[in-house]
Structures are given as structure tokens and as C-alpha cells.
2 protein chains.
Amino acid sequence: MKMKDTHTHRSGCPINLGLEVFGDKWSLLVVRDMMFAGKRHFREFLASDEGISSNILADRLAKLVEAGVLTRAGDPEHKLKAIYSLTEKGIELLPIIAEISRWSRKYEPVDPVLARTGEARDRMGPDANQQQMAALRRLHLGATDQAPV
Amino acid sequence: MKMKDTHTHRSGCPINLGLEVFGDKWSLLVVRDMMFAGKRHFREFLASDEGISSNILADRLAKLVEAGVLTRAGDPEHKLKAIYSLTEKGIELLPIIAEISRWSRKYEPVDPVLARTGEARDRMGPDANQQQMAALRRLHLGATDQAPV
DNA sequence: CGCAATCGATTGCAAAACACAATCACTTGT
DNA sequence: ACAAGTGATTGTGTTTTGCAATCGATTGCG
């Protein structure tokens with residue numbers, strides 16, 4: 001049995017604290033798959049293009065749940081199915097992901113097909129993020145914290 | 001002797017390609033130190049709060065140079081001193097870093113003193129990033145692509 | 001000159017994280 | 001009963017990281 005010693009941080013710098021949560025090659029890809037591909041189940045994440053292995057995926061899901069970015073719930077219909085949902089904290093990673101997308105589309109050899117999501121967001125203007133986050137809230141949190149338009 | 005096989009990407013997804021450049025616990029901290037602490041020399045990066053070790057730092061600097069985020073130049077006065085500068089590609093990481101800062105300040109136990117830089121940027125409004133990036137261009141690139149105010 | 005201090009790294013070694021394939025216990029569908 | 005599907009775990013090598021010591025070259029200073 002291992003005791004989790006209460007998370008001692010390398011520093012209190014905001015950049016550093018963010019990197020301690022998602023500063024690796026896989027965590028944000030899981031969040032991306034939830035946001036843009038609608039994935040909710042282990043096997044779906046496992047099938048992503050980048051080819052994450054199952055032990056790494058299990059580790060990342062657990063860490064993201066512990067960090068409060070995701071929640072894990074059992075599907076009431078299928079006792080073995082775990083459903084992962086974004087929390088508000090996770091949904092608010094979208095602006096970061098959107099900026100990474102913008103940067104890569106400018107400077108890296110992105111696949112034109114995969115770039116379309118980001119391009120569409122750019123064309124939508126400044127409140128694209130808020131609209132997309134609102135949609136994610138409806139899907140992952142429940143619909144109750146929206147003001148009527 | 002190991003051969004570096006020409007960078008085959010895990011996927012052409014913009015998020016993934018960004019993470020392949022700076023998706024680790026240290027790369028963005030180096031960029032942060034250049035942007036907000038004015039650091040330009042190996043020994044300065046080495047003295048950051050988070051305590052990077054010298055071999056990791058050397059590796060990250062080399063990778064960031066290879067990725068086109070930084071440039072390395074010899075100080076003409078001191079033959080042993082290397083001066084690292086941000087490229088335009090590196091300067092345009094600022095919106096990503098700013099969003100990470102905003103997210104961590106909302107959700108993580110940041111040091112209030114270290115949070116001030118980000119809070120000030122938030123108070124400046126929507127063109128804070130562009131202003132800060134313009135200042136970085138003057139410092140790192142040369143002054144020639146600025147329109148007069 | 002002599003020589004310690006400083007420069008950007010490199011080396012050696014142990015520990016941790018990762019990649020990959022096989023497998024697990026359990027549930028579901030038939 | 002039993003094959004297929006569920007979210008993982010285990011085992012085994014490889015790679016990356018962390019840490020301390022050290023390197024060769026240059027600089028500062030007497």
C-alpha cells in the first residue's frame with residue numbers, strides 16, 4: 001500500500017504548476033479526444049492515432065481524475081463500462097489547447113484535414129472558445145449553469 | 001553511436017505536433033525564463049526555482065534550437081558565453097504560456113507573488129499579448145519590424 | 001606568467017518513466 | 001456454457017530523467 005505524500009510542488013509558478021498537471025506527451029491528447037472526438041471510454045482513447053499504450057493511458061486517466069480534470073463514473077447500464085467526463089477545470093483547458101493548435105498550424109507540418117477544426121474556430125472569432133466550452137458543459141456537466149441566450 | 005532518424009511524427013494533429021516540441025516538464029519553463037526573467041545564458045536557466053539539472057537543460061536547449069524556437073549565438077565579447085534568443089516562433093508561444101498561467105491561477109495553488117505578472121496581463125485587456133510580444137521582438141530579434149506608435 | 005573562477009556542457013550511474021505484448025477478472029450477449 | 005468485450009494490470013526490456021562529479025576552454029586578476 002502506497003501513501004500519497006501530499007504533492008510537493010517544484011515551485012508556485014503558474015506555468016510550472018500547469019506543467020505538473022499536463023506537462024507530458026499524452027495528457028492533453030486525452031483531453032483533446034474528449035473535447036473534439038467525443039470519446040468517453042477507455043477503449044476509445046486507446047484507439048487514437050498516436051497509439052498510446054494501455055498502461056500509460058490508465059496512468060494518465062487516473063492522474064487526470066486525481067487532478068480534478070476528469071471524473072470517472074460507472075455506466076449504470078453496463079457495470080464494466082467506465083465513463084469519463086470533463087470537469088469544469090478540464091473544460092477550461094480548451095483555451096490552452098486552442099492556442100497550441102493555432103501555434104502548430106502556423107509553424108508545424110500539420111495534417112490539413114486535422115487542422116480544419118482549429119481553422120473553423122479561428123474563423124468564428126473571439127467567443128468561439130466560450131461557445132465550444134458551453135457545448136462541452138452541456139455534454140459533460142449537465143445543463144444547469146447556462147444563462148439563456 | 002546512434003543515428004537520429006529524421007523525426008517521424010506520431011500524427012499530424014496540431015495538438016500532438018505542439019506536444020512533440022514542448023510537451024515535457026521543462027521546455028516551456030526555459031521559454032518562460034527567457035520571456036519574463038530576461039534570462040539568456042546557460043547558468044541563468046540553471047538557477048531557476050524548479051532546479052533543472054545541467055544535462056537536461058543542455059538537452060532542452062539543443063532541442064529547442066533544433067525546433068526553431070530558440071537560436072544560439074556566441075557572445076562576441078566572451079568566447080565561452082552562449083547567448084540564447086527567442087525566434088518569432090518562440091515568441092509566439094506566449095499566448096500558450098499566458099493561457100496556462102490563467103488556468104493555473106484559477107485552479108492551482110499558485111504563489112501570489114509569482115501570479116502578479118499574469119494578473120497584470122489580464123488587466124491589460126485583449127492586446128496584452130501583442131504588446132508583450134512586440135517588446136520581446138525588440139529584445140530578441142532586432143527592432144526593424146515595428147510600425148512606429 | 002600563474003592559477004583560480006567561470007563558461008557551457010558532458011559523463012557515470014541509479015532511479016523512474018515509458019513502450020509493447022500478454023494477460024487478468026469481470027460482465028455482457030447469444 | 002462460452003465467446004466477445006470491458007477497464008485495466010503484469011512482465012520485460014528500453015529510454016528518459018535526476019543527481020553529482022567533472023570536463024576543456026576562456027577569463028579575470030595578481
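Predicted model only: the values in this text are computed from it and were never measured. Residue numbers begin at 1 in each chain, while the letters A, B, ... track the order of the sequences.
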Using whole Å, report how far [atom1] of [X] lies from [atom2] of [N].
{"X": "A/Ile56", "N": "D/dT9", "atom1": "CD1", "atom2": "C1'", "answer": "13 Å"}
{"X": "A/Arg60", "N": "C/dA17", "atom1": "CZ", "atom2": "P", "answer": "9 Å"}
{"X": "B/Lys63", "N": "D/dT15", "atom1": "NZ", "atom2": "P", "answer": "13 Å"}
{"X": "A/Arg10", "N": "D/dC19", "atom1": "CZ", "atom2": "P", "answer": "10 Å"}
{"X": "B/Asn55", "N": "C/dA16", "atom1": "CG", "atom2": "P", "answer": "17 Å"}
{"X": "A/Asp24", "N": "C/dC18", "atom1": "CG", "atom2": "C1'", "answer": "11 Å"}
{"X": "A/Asp59", "N": "C/dC20", "atom1": "CG", "atom2": "C1'", "answer": "16 Å"}
{"X": "B/Leu57", "N": "C/dA9", "atom1": "CG", "atom2": "P", "answer": "8 Å"}

Using heavy-atom distances to pick each residue's nearest nucleotide on DNA chain D, tell me which of A/Ala82 and B/Lys25 is more 5'.
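Comparing both residues, the 5'-ward one is A/Ala82.
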Between D/dT16 and B/Trp26, is there an OP1 or OP2 to side-chain N/O distance shorter than 4.0 Å?
no
B/Arg72 side chain near C/dG8 phosphate (N/O to OP1/OP2, under 4.0 Å)
no
Of the residues in residues 29-53 of chain A, which ones touch DNA chain D at a heavy-atom distance under 4.0 Å?
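Result for residues 29-53 of chain A: A/His41, A/Phe42, A/Arg43, sorted by number.
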Proximity to DNA chain D (any heavy atom under 4.0 Å), residues of residues 12-19 of chain A only:
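Heavy-atom contacts with DNA chain D come from no residue of residues 12-19 of chain A; none.
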Among C/dC7, D/dT17, D/dG7, which nucleotide sits nearest the side chain of A/Tyr84?
D/dG7
Nearest to side-chain heavy atoms of A/Ser54, which nucleotide of C/dA21, D/dG7, C/dT11:
C/dA21
Quick check on the hydrophobic clustering: are A/Phe36 and A/Leu136 connected, directly or via other members, by side-chain heavy-atom contacts under 4.5 Å?
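Yes: a chain of side-chain contacts under 4.5 Å links A/Phe36 to A/Leu136.
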Following the transitive rule for hydrophobic clusters with a side-chain heavy-atom cut-off under 4.5 Å over Ile, Leu, Val, Met, Phe, Trp and Tyr, establish whether B/Leu93 and B/Val65 coincide in one cluster.
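Yes, it is one cluster - the side chains of B/Leu93 and B/Val65 are joined through contacts under 4.5 Å.
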Could you give me the CA-CA distance, side-chain angles and deciding distance for B/Arg102 and B/Asp122, then say whether salt bridge (Lys or Arg N to Asp or Glu O under 4.0 Å) is met?
CA-CA 8 Å; B/Arg102 187 198 306 270; B/Asp122 283 355; 3.5 Å; yes
Sequence neighbours excluded, the answer for side-chain hydrogen bond (donor to acceptor under 3.5 Å, both in side chains) partners of A/Ser104 is none
Go through the structure and list residues passing side-chain hydrogen bond (donor to acceptor under 3.5 Å, both in side chains) with B/Arg40, not counting sequence neighbours.
B/Ser85
Side chains of A/Val21 and B/Trp103: does their closest heavy-atom pair fall under 4.5 Å?
yes
I'd like to know if the side chain of B/Glu44 and the backbone of B/His41 have a donor-acceptor N/O pair within less than 3.5 Å.
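Yes; judged by distance alone, with no hydrogens or angles, the pair exists.
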Considering residues at least two apart in sequence or located in another chain, which fulfil the side-chain contact (heavy atoms from CB on, under 4.5 Å) criterion with B/Glu50?
A/Arg10, A/Ser11, A/Cys13, A/Asn16, B/Trp26, B/Leu29, B/Arg32, B/Ser48
Please table the atom pairs, donor to acceptor, closer than 3.5 Å between any side-chain atom in residues 108-118 of chain A and protein atoms at least two apart or in another chain.
{"from": "A/Glu108", "atom 1": "OE2", "to": "B/Lys89", "atom 2": "NZ", "distance (Å)": "2.7"}
{"from": "A/Asp111", "atom 1": "OD1", "to": "A/Val113", "atom 2": "N", "distance (Å)": "2.8"}

